[in-house]
Amino acid sequence: MAQNDEHHEGHSATTKDGHAGEKFNMGEMIMHHIKDEHGWEFAHGLKLHLPIILYTADRGLEVFSSRHVEDGKTYNGYHLDHKTGHVHRVDAAGNADESVKVLDFSITKNVASLLLSVVLLLVIMNAVKNAYQKNKSGRPTGIQRFIEPLILFIRDEVAKPNLGHGYARFMPYLLTVFFFILVNNLLGLLPGAANVTGNIAVTLVLAVIAFFVVNLNGNKHYWMHLVLPSGVPAWLLPLIIPIEIIGLFVKPVSLMIRLFANITAGHVIILSLLGLIFVANQLAGPATAWGLSPVVMGFTLFLNLIELLVAFLQAYIFTLLTAMYIGSAIEDNHEMDHGIGYDENKVIEPVA
Amino acid sequence: MDLLTPSIGLLFWQIVAFGTLFFLLRAFAWKPILASLKEREDNIQSALDMAQKTRAEMASLKSENEKLLAQARSERETILRGAKEVADKLVADAQKKAQAEGDRILEQARESMANERTAMVAAMKKEVVTLSIEVAEKVLRRELVDKAAQEKLVQDLVSTSRLN
């Protein structure tokens with residue numbers, strides 16, 4: 001990873017020959033690593049050129065390799081800005097043409113990692129399913145032994161307590177969310193890997209799906225509580241109702257930000273620690289940097305272990321909170337079911 | 001591609017990827033896996049129930065056996081006691097009977113002995129009388145050869161016997 005870091009800085013450095021001449025910029029290095037890009041550089045010099053897919057109103061869909069726009073080259077009227085990572089149209093003179101809106105559907109590093117995680121999950125779960133079908137009631141074998149406790153945990157500790165008797169309907173969604181986040185968190189911990197769950201677009205989609213799952217399943221009681229909260233004095237209603245409605249959106253937003261911030265923060269801390277070596281190199285020379293390395297490696301190892309915990313924890317928290325939100329939306333109000341009427345004293349407050 | 005502004009490409013691919021993943025896993029993985037898990041749990045539960053039932057059955061069977069055994073034991077005791085009683089009674093009866101028989105035989109023996117003695121005494125008496133008479137006759141014959149002697153004898157007899 002260290003080699004990798006130095007190389008990336010080479011892009012912005014004016015001189016590419018010799019490390020001594022490079023100016024190490026910690027902030028830039030970190031941002032570069034936690035953000036998306038159009039190629040996947042596993043290590044120094046080993047770069048996978050991913051396809052760029054663009055849609056423009058005038059030219060339609062265009063697909064070409066990111067190799068063509070590497071290192072500031074212009075291809076077919078497109079230029080890749082290395083600072084922002086955006087592809088934009090340039091005119092014949094090489095000036096940016098801001099009038100053309102370029103929609104970038106490229107298979108970026110994150111998208112590639114995302115697709116890889118999907119394939120990985122499909123392969124793993126297919127193997128697990130086959131294991132179940134091969135020995136119907138025997139004890140688990142192989143990868144089944146690792147996956148089964150997680151499935152049972154989601155079912156017994158997350159779904160059942162929060163969703164009650166109707167839990168089975170939401171199991172596929174909760175399991176998919178849990179394993180998707182878990183696998184992407186874990187893949188993100190590998191050196192040179194993409195930061196998928198630490199990307200706001202990914203968590204945004206997960207949060208929006210959670211929002212729809214919660215609110216499309218909301219029952220009469222859920223909506224009644226929203227527009228006419230029980231046990232609240234009438235004069236407070238103008239205050240409470242907007243708060244409740246804001247709360248509706250705050251929940252998925254909190255899901256989105258929590259996952260994004262936790263994973264990104266973990267990456268930032270690890271990268272900052274590793275960056276210390278290069279800062280030391282620049283400030284006090286190679287000897288100090290080498291001397292510092294074991295200490296930094298110890299801390300990094302420790303933080304990596306914490307990140308491993310966080311990978312499981314965040315997948316669990318996202319799934320748990322989603323289950324709680326769904327639970328509050330589908331909670332039964334038995335008085336209403338029996339047509340007796342709305343009993344103000346017997347309303348169970350939805351969780352969170 | 002700034003940190004906090006989601007890029008359209010990733011949004012699009014994330015929707016596609018997650019949607020595909022969800023529908024594929026739901027159809028081909030979660031349903032069979034969850035069904036298998038439930039089936040296995042049901043199997044285990046039913047096996048546990050069966051074991052519990054069997055254990056209860058075993059316990060009831062055991063208690064029944066014990067009851068039977070206790071009954072058999074008490075029956076044996078009764079039978080033994082009865083047999084002993086009968087045996088004792090038999091022995092006692094036999095003893096009594098033997099005693100009675102013995103007594104009877106003894107009695108008989110004693111009786112016959114007594115009879116025999118009486119008969120013997122009678123016979124001896126008769127013999128003695130006969131002998132005495134013979135002796136007396138002989139003596140008398142010798143004594144009474146002469147007349148004088150006869151008279152003397154009569155006289156003696158008369159004098160000795162007090163006639164009153």
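Numbered from 1 within each chain, the chains take letters A, B, ... in sequence-line order.
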Item to complete: Answer with side chain, backbone, both or neither: which region of B:L11 has an atom nearer than 4.5 Å to a non-hydrogen atom of chain A?
Response: both
Discussion item. Side chain to side chain donor-acceptor pair (under 3.5 Å) for A:N184 and A:T197? Distances and angles first, verdict last.
Written reply: CA-CA 6 Å; A:N184 280 301; A:T197 39; over 6 Å; no
Discussion item. Can you confirm whether the side chains of A:N110 and A:T108 place a donor and an acceptor under 3.5 Å from each other?
Written reply: no
Worksheet item: Taking everything shown except A:F212 itself, do over 12 heavy atoms lie less than 6.0 Å from its CZ?
Response: no
Discussion item. Looking at B:D49 and B:K53, is there a salt bridge between them, counting it only when a charged N and a carboxylate O are closer than 4.0 Å?
Written reply: no
Discussion item. Does the plane of the ring in A:F249 sit parallel, tilted or perpendicular to the ring in A:F211? Use 30° and 60° as the thresholds.
Written reply: parallel
Worksheet item: With under 30° as parallel and over 60° as perpendicular, where do the rings of A:Y173 and B:F18 fit, or are they tilted in between?
Response: perpendicular
Worksheet entry | Contacts with chain A made by residues 55-78 of chain B (heavy-atom distance under 4.5 Å), listed by residue number | none
Worksheet entry | Contact class of A:L204 relative to chain B, heavy atoms under 4.5 angstrom | side chain
Worksheet item: chain B heavy atoms under 4.5 Å from A:V208: which part of the residue, side chain, backbone, both or neither?
Response: neither
Discussion item. Under a plain distance cut-off of 3.5 Å, with no hydrogens placed, do A:E148 and A:Y132 share a side-chain donor-acceptor pair?
Written reply: yes
Worksheet item: Do the side chain of A:Q144 and the main chain of A:T141 share a donor and acceptor less than 3.5 angstrom apart?
Response: yes
Worksheet entry | Part of B:F12 lying under 4.5 Å from any heavy atom of chain A | side chain
Worksheet, complete the sentence: Honestly, the part of A:N199 sitting under 4.5 Å from a heavy atom of chain B is side chain
Fill in: Proximal component of A:I209, with respect to chain B [non-hydrogen, under 4.5 Å]
side chain
Worksheet item: Are the charged groups of B:R110 and B:E107 less than 4.0 angstrom apart, N to O?
Response: yes
Response to the item:
So, the part of A:I151 with a heavy atom under 4.5 Å from chain B: the answer is side chain
Practice prompt. Please look at A:I257 and chain B and tell me whether the side chain, the backbone, both or neither of the residue comes under 4.5 angstrom of a heavy atom of that chain.
Written response: neither
